[in-house]
Amino acid sequence: MAQRDYYEILGVSKSASADEIKKAYRRAAIESHPDRGGDEAKFKEVNEAYEVLKDPGKRQRYDQFGHAGVGGNPTGGGYDFGSAHNVNFDFGDLGLGDIFNSFFGGGPSAAKTQPGRGRDVETRIEVDFNDAVFGTEVDLNLNLEDVCPHCKGTTAEPGYQLKTCDTCNGSGQVVHVTRTVFGNIQQASICPVCKGSGKVPEKVCTVCHGKGTMPKAQTIKLKIPAGVDDGATIRLREHGEAVAGGKKGDLYVNIRVKPHKKFTREGDLILSDEHIDMVVAAIGGEIDVDTVDGPVRMKIPAGTQSHSDFKLSGHGVPHLRGGSRGAHIVTILVDTPTKLNKQQQELLKEFSEASDNKGKKGFWR
Ligand SMILES: [Zn+2]
Ligand SMILES: [Zn+2]
């Protein structure tokens, strides 16, 4: 595609003064602005012409060498301008700078000092009950946008430099003008070409095509702290998706703790039931209680009632911030025998008769 002469585009002579060029640009930019019904291609052309002619150095090189002297078509390079929102716009020379500042506080340079950030990523893992109690390390296998290995995220083909973005003239921002009954409303947005960095590569990276990132299968080692509970979320800063010229987003890992066949949990307490027979309940004894630390010998005092709770200190869940552990609460369930042989029945009758419980008579009498 042959490029039109820049002076011709702006409708000025080759000897036009800087002021004449500026005025011609403003007129042409307003005329061709897509939001005023203008032709987008024409609008880009106008901006491109002005980009060169407003700069004495570029203008001189253009006069001498033509388009080749100023890098050919500055807005080329495969970028998709898609919609009118992405048009290039030299706001500074349309007197929009102040409005721009009032929208963003920091002004156009704010975009450069606050580069974009990669997307946050959320994932979910399941851990065993005991692993949640004692902590563990898991491998998270994720396919995430990572820094392009070819250009190292610069977006430039190795051996090529970055140059000032022609779309935003290095400001990182473009201004979009909407015409309303109340007048024109200017809205600034991140430059779609340089993504706010103000720089574009001389030659776009041939691997990521200028994105600066590539999807990559990654294994991230995640340390699950001892004491983590179901529903907890761990944030790994800057382990989310990469973005060209900015920090990675964060990775949020939602923890699901698988139910245990025997234990339940309430905060730092572990709860379980243990069955004992009525003889042990009556005369006392010792039983082995299952805990996360293995079996623990526990004393059953004589006269233990069913549904009594006993506390095993130090066998619960460690506190997340280190140090002590909670308790394991054992609920004792006394089993009443359901099948008694003749001898057992006789012994129990004898037992009852020997008892001094006059008011409570058994059904067999
Ligand atoms: Zn690349
Ligand atoms: Zn830009």
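One-based numbering, in listed order, for ligands and for the atoms of each.
- Looking only at side-chain heavy atoms (C-beta outward), Y25 and K54 stay at 4.5 Å or farther from each other.
- With hydrogens and angles left out, the side-chain atoms of S32 and D39 include no donor and acceptor closer than 3.5 Å.
- Nearest heavy-atom pair, V334 versus T304, reported as atom, atom and distance to 0.1 Å: CG2-O, 3.9 Å.
- Here the Zn ion (ligand 2) is the vertex; the SG atom in C191 and the SG atom in C168 give an angle of 110° (to 10°).
- With 3.5 Å as the limit, one finds a donor-acceptor pair spanning the side chains of H328 and S272.
- Around the Zn ion (ligand 1), the protein N, O or S atoms closer than 2.8 Å are C148 SG, C151 SG, C205 SG, C208 SG, listed by chain and residue number.
- Annotation: side chain of V253 is not in contact with side chain of H239 (no heavy-atom distance under 4.5 Å).
- Residues passing the ring-ring contact (aromatic ring centres under 6.0 Å, His included) test with Y7: none are found, sequence neighbours excluded.
- Salt-bridge annotation for R117 and E238: absent, with no side-chain N of the basic residue lying under 4.0 Å from a carboxylate O of the acidic one.
- Around the Zn ion (ligand 2), the angle linking C194 (SG) with C165 (SG) is 120°, rounded to 10 degrees.
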